[in-house]
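Read the structure below first, then the notes.
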Number of protein chains: 2
Amino acid sequence: KMGLWKGSLTSSGVFLLQMGWGDLGAFGEPSKETPNLDQMAAEGMLFLDFYTASPLCSPSRAALLTGRLPVRNGFYTTNGHARNAYTPQEIVGGIPDSELLLPELLKKAGYTNKIIGKWHLGHRPQFHPLRHGFDEWFGSPNCHFGPYNSTERPNIPVYRDWEMVGRYYEDFKIDLKTGEANLTQLYLQEALDFISKQQASQQPFFLYWAIDATHAPVYASKQFLGTSQRGLYGDAVREIDDSVGKILKHLQQLGISENTFVFFTSDNGAALISAPKQGGSNGPFLCGKQTTFEGGMREPAIAWWPGHIPAGGVSRQLGSVMDLFSTSLSLAGLQPPSDRQIDGIDLLPVILQGKLIDRPIFYYRGNELMAVRAGLYKAHYWTWSNSWEEHSKGIDFCPGQSVAGVTTHTQEEHTYLPLLFHLGRDPGEKYPLSFASEEYQRAVEHLSGLVQQHRATLVPGQPQLNVCDQAVMNWAPPGCEKLGKCLKAPESDPKKCSWPH
Amino acid sequence: KMGLWKGSLTSSGVFLLQMGWGDLGAFGEPSKETPNLDQMAAEGMLFLDFYTASPLCSPSRAALLTGRLPVRNGFYTTNGHARNAYTPQEIVGGIPDSELLLPELLKKAGYTNKIIGKWHLGHRPQFHPLRHGFDEWFGSPNCHFGPYNSTERPNIPVYRDWEMVGRYYEDFKIDLKTGEANLTQLYLQEALDFISKQQASQQPFFLYWAIDATHAPVYASKQFLGTSQRGLYGDAVREIDDSVGKILKHLQQLGISENTFVFFTSDNGAALISAPKQGGSNGPFLCGKQTTFEGGMREPAIAWWPGHIPAGGVSRQLGSVMDLFSTSLSLAGLQPPSDRQIDGIDLLPVILQGKLIDRPIFYYRGNELMAVRAGLYKAHYWTWSNSWEEHSKGIDFCPGQSVAGVTTHTQEEHTYLPLLFHLGRDPGEKYPLSFASEEYQRAVEHLSGLVQQHRATLVPGQPQLNVCDQAVMNWAPPGCEKLGKCLKAPESDPKKCSWPH
């Protein structure tokens, strides 16, 4: 009964957070504390097989905004084999000028683009989001780690558009003892104001709401502290859930919900290393953030667009954050760039007409293709959780989930006899199929064909996450003079970044 | 807006199966293949913290029908410490005459009582369900294990009321190679017919639909084979889901849904030992059937009663299968017996008025109190998965879920310093709280008080599951002459049953 959307200007909103597949009531979280997200799912479409592009934050975000795998857009490292990397304050690299970002393209269709929250695609001037298609920004370039002693390491700046307006832990308080911070409320208000402004001026918009409260160190506003069965992490989830509800309600009250496509998802699986106090749940899946098991890369995902998406839909389409690039372009009546490989696909036929598009999912860790999924089969060509050395220090990406020969603590190659799982019968990747079975032969042949095809055309981008330098940290971001917050940078001393896992 | 129910005759239906907490879409199963159960939940009330009374089938069923813990009603063994026991064909014991079963009591209020499916409370003549309050029976006394060579062991009989009408694998086919059997369809038709008959005669009824398709060896009807992403187990779940939908729709079409209270739950957690081909999922919980971790005893649970239960309700009441005893009596306007301890509570104030009743959950394994939960805290006084000897043979109740010091392979006593978990922050029981913390002290003091109180008044029943004898097997059940299916029993040779875990 819902027809294919036919191309008048429609706004888009993307909520991107760090949450696990199992953190939402709609996905089976045992205390069911996300009534607004569950309602969003009931009114929209739930994706059960939706993936991020990397088990770590920065590469996933770069992939979302470029529609391309991190290995293409440069958000990876070659400092070690199969290492995850991101953009800490020391990072020299960032999003290359040669990449075309979603907001850059949407501009051509008259969109106003805003990012609220964590950018994470590089913090040096040339990587500023307003130089890559965004019109407005309120948020920070890096994670809210801290507090730091300003002589060794500056606190993370908070920007409004081109200039810093303060720093986390200084002007934007985060109390690590109580877990109290009102940042999600600030980010919520910013979103509501932006939407009101766009509605008033009748301008289509792209809002990228990339808030950070569920990332360690976890925080929540006072009114949410102690309200969850799940502790501080749950308090943060409840505040985000409440905020999402308020944003969707705002769209409805302004009468633009039928012109606004909204998508909720996550940049990586729950950080089990921080669980249960500072990390979430990946439900029935194996391991978490940093790994290419399902817990590291399968994400909660909800599409919402009243009047277009049939309510209560459930899709088994294999989806990816990179599809939000192609889908948003399609909504704006634009074509994806034809001069480069785009990994995302347009999900509108899936969302509006219930189609299923045959496509594989590639699981990368740094520059290594660790695994591939097609249909219900997933083959691992490499397995690794983290090193024995780290593990012996208590760093565990798979707490209580050791599976012999699968969650290995050395990098194990399986190229010639991939480890094969049937994710329908065995979503937890606990029971590898027998190498001798006919089912194994058939599935692996198909998957390996897809991998061969993928590899044959792959042109890796210049790796951006190899070099670190204390001098490039956020010592003196633009606007620091007005605030008297300029710090003195040390001498430049570029080094290879150290990526232990 | 829904008022307290005021006591006119209302029928009850209880669906009892072996399924895991994570097997339903509404509880987060990743392929979401239970639209009818999910719909039942959306129209009724979902219980997130509902427990069975034992991690094994027979004791749970005895507890449901008596409202009493197995250690009281005799459904336990003292042959070994903390051993699970049930009613195989060799069992000599069964439900004692001194126990008052729910259907016996409902009779006084004019109810007609029917059991469809697995009885499991003893198969010798004195334990027959029609001697314990049921008016009708179509089903079997034991699990559908088999097929057996009739000289060593008879196949399980299927009864209609007082007499056997055939045997599994003989007259009631189960094809273990293809997994095909039409039994669920037979049991469905039987339920629909019974409900029609009761509606026509305007008689209140209690229907106990205790079917068996998701218990190994798993089966499904031809029309469901190969229809699930989850393999044969999923096919069986889909058939049950479809059947539940048909029964609820039948109630609605007959116009008696507002006079029929329906409850769906399970007798133990998913049998991970049979997963993924013959067993289900316990979602985010630890281990499965046979254990007193959450995966062994927390169950999916849905209450449905259109016009009385507010749609879409979610309750965090700590509930138990034993509560179905007290709740059903309350619905019939009856009082529970006052001459004995009843462990179940009346859930109507919870279901109809959203109240929360403070009550502990006791986790027994055989005669040992292994753990207790109150609020969000759970203390383990004993931990055990199974023995090293069994484990080394590949019998694993916690596949891929080893938690050091928790999923122990020897019986570990923690009486003096219980292992404490916060099930809100840590539903998977992976992170024991520090003994030194104030939180630990406070919670353990409270829980240990509850245990002391419980123990002080506990009068264990005569254990029914100690003695086994080949002579008591289903050699010649009543009705066998007519069918020419009487087999010759061997000489009686009673022995202690062997309960390895």
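A quick note: this is a predicted structure, and the numbers were derived from the prediction, not measured. Reminder, nothing fancy here: chain letters follow the sequence lines and each chain counts from 1.
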Polar side-chain atom of [X] near backbone of [Y] as donor-acceptor pair, under 3.5 Å:
{"X": "Gln317(B)", "Y": "Ile357(B)", "value": "yes"}
{"X": "Arg359(B)", "Y": "Leu318(B)", "value": "yes"}
{"X": "Thr383(B)", "Y": "Thr408(B)", "value": "no"}
{"X": "Asn282(A)", "Y": "Gly295(A)", "value": "yes"}
{"X": "Arg298(B)", "Y": "Leu48(B)", "value": "yes"}

**Q.** When Val403(A), Leu376(A), Asp49(A) are compared by non-hydrogen pairs under 4.5 Å with chain B, the top option
**A.** Leu376(A)
For [X], which atoms come within 4.5 Å of any heavy atom of chain B: side chain, backbone, both, or neither?
{"X": "Ala275(A)", "result": "both"}
{"X": "Lys32(A)", "result": "both"}
{"X": "Pro30(A)", "result": "both"}
{"X": "Leu46(A)", "result": "side chain"}
{"X": "Tyr431(A)", "result": "side chain"}
{"X": "Glu429(A)", "result": "neither"}

Q | Region of Leu286(B) in contact with chain A, defined by heavy-atom distances below 4.5 Å | A | neither
**Q.** Ser402(B), part contacting chain A, at a heavy-atom distance under 4.5 Å
**A.** backbone
Q: Using the six-membered ring wherever Trp is involved, compare the ring planes of His380(A) and Phe293(A) and label them parallel, tilted or perpendicular (cut-offs 30° and 60°).
A: tilted
Q: Please work out whether the ring planes of Phe285(A) and Trp21(A) are parallel, tilted or perpendicular, with thresholds of 30° and 60°.
A: perpendicular
